[in-house]
Amino acid sequence: MRTRTSNILALAAIGLFAAGCHTDLWVQPHLRAQTYSDFAGFSDHATSRPPVPGAVARGEAMDDKAYYTGRQDGKYVTEIPTKAALADYKKDGLRVRTFKEFLMRGQERFTIYCTPCHGQLGDGNGMIAQRGFAIRRQPASYHTDRLRKMPIGHFFDVMTNGYGVMFSYAARVETDDRWAIAAYIRVLQKSADVPISQLPPDQAAEVKIDPEVPAATK
């Protein structure tokens with residue numbers, strides 16, 4: 001008797017379970033992204049809706065204009081924004097704590113993303129230029145008078161938005177790293193434009209003067 005009762009209860013439980021497995025619960029009408037919709041509320045019949053004008057995603061306010069654009073009040077910034085210069089952030093397992101490490105991070109990112117066109121020295125003589133890649137003009141050298149005088153915000157802006165034949169690197173290089181690269185570009189410029197008279201005697205003695213190098217760099 002007890003066994004029969006147990007079997008009845010087991011069958012009842014199975015019946016209840018089977019009744020709850022109706023496909024309407026998990027196979028429902030739905031829309032696929034980037035396709036047509038006949039929903040009357042959408043006049044353009046597009047399933048993917050654009051953001052509401054003025055909407056800002058969480059954490060994406062970007063209210064620090066100098067940090068995110070390289071500009072302040074319509075002009076290029078002349079100093080690295082504090083948010084980037086503090087450099088207490090972790091990138092690819094590297095904890096950057098000092099400004100020296102910030103510059104070393106910039107050198108690393110520069111080597112990866114910039115040297116193919118601009119070269120290790122920033123002279124515009126990277127492998128792409130050497131191999132005759134068909135572009136409208138030679139990659140820029142950072143050692144021209146024009147670029148030496150450019151505010152550091154200019155280099156960040158170029159990396160962010162592109163310039164001439166160079167496309168934007170904003171999707172490839174994070175904001176902090178773009179500032180680190182900009183800082184390293186300034187290091188390259190300074191290293192090639194220091195008069196020998198300003199070097200310590202032991203370093204000045206090791207410098208080989210090239211007669212073809214402009215006088216300003218000697």
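Scope of the values below: all heavy atoms of this structure, side chains included, with no hydrogens, waters or symmetry mates.
Heavy-atom minimum distance, P139 versus A129: CD-CB, 3.9 Å. Residue M150 comes nearest to F155 through the heavy atom pair O-CE1, 4.0 Å, listed as atom of the first residue, atom of the second, then distance. Between P151 and R186 the shortest heavy-atom distance is C-NH2, 3.5 Å. Minimum interatomic distance between W179 and A66 (heavy atoms only, all atoms of both residues): CZ2-O, 3.3 Å. Contact record, T111 with P116: O-CD, 4.2 Å, taken as the closest heavy-atom pair.
The stretch residues 116-125 participates, sequence neighbours left out, in no salt bridge (Lys or Arg N to Asp or Glu O under 4.0 Å) pair at all.
Applying the side-chain contact (heavy atoms from CB on, under 4.5 Å) criterion to D73, with sequence neighbours excluded, gives no partner residue. S191 is linked by a side-chain contact (heavy atoms from CB on, under 4.5 Å) to nothing, counting only residues two or more places apart in sequence or in another chain. With sequence neighbours excluded, the residues forming a salt bridge (Lys or Arg N to Asp or Glu O under 4.0 Å) with D44 are R49, listed by chain and number. Applying the side-chain hydrogen bond (donor to acceptor under 3.5 Å, both in side chains) criterion to Y67, with sequence neighbours excluded, gives D176. Residues satisfying the salt bridge (Lys or Arg N to Asp or Glu O under 4.0 Å) test with D145, not counting sequence neighbours, are R148. The side-chain contact (heavy atoms from CB on, under 4.5 Å) test applied to A140 returns H118, L147, not counting sequence neighbours. Here K75 pairs with nothing under the side-chain contact (heavy atoms from CB on, under 4.5 Å) rule; sequence neighbours left out. Y68 meets the ring pair (Phe, Tyr, Trp, His ring centres under 6.0 Å) test with no other residue; sequence neighbours excluded.
Between Y184 and R109, every side-chain heavy-atom pair lies at or beyond the 4.5 Å cut-off. With contacts defined as side-chain heavy-atom distances shorter than 4.5 Å, the pair V187/F110 does not qualify. The shortest side-chain heavy-atom distance between F102 and I80 falls under the 4.5 Å cut-off.
S48 contributes no side-chain N or O that, together with a main-chain N or O of A33, makes up a donor-acceptor pair within less than 3.5 Å. Looking only at distances, no side-chain donor or acceptor of Q72 sits under 3.5 Å from a matching main-chain atom of K65. A donor-acceptor contact shorter than 3.5 Å links the side chain of T47 to the backbone of R32.
Residues I185 and L121 do not share a hydrophobic cluster, clusters being chains of Ile/Leu/Val/Met/Phe/Trp/Tyr side chains in contact below 4.5 Å. When hydrophobic clusters are built by joining Ile, Leu, Val, Met, Phe, Trp and Tyr residues whose side-chain heavy atoms come closer than 4.5 Å, directly or via intermediates, M104 is not grouped with V173.
In this structure, Q138 CD and I128 CD1 are separated by 11.0 Å, a value rounded to the nearest 0.5 Å. In this structure, Q107 CD and I181 CD1 are separated by 11.5 Å, a value rounded to the nearest 0.5 Å. For the atom pair L188 CG and Y142 OH, the distance stands at 8.0 Å (nearest 0.5 Å). Here the CD atom belonging to Q120 is positioned 10.5 Å from the SG atom belonging to C114, to the nearest 0.5 angstrom.
A cation-pi geometry, defined here as NZ or CZ lying under 6.0 Å from the six-membered ring centre and within 45° of its normal, holds between R172 and Y169.
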Please table the atom pairs, donor to acceptor, closer than 3.5 Å between any side-chain atom in residues 157-166 and protein atoms at least two apart or in another chain.
from : atom 1 : to   : atom 2 : distance (Å)
D157 : OD1    : N161 : ND2    : 2.7
D157 : OD2    : Y76  : OH     : 3.4
T160 : OG1    : F156 : O      : 2.8
T160 : OG1    : R178 : NH1    : 2.8

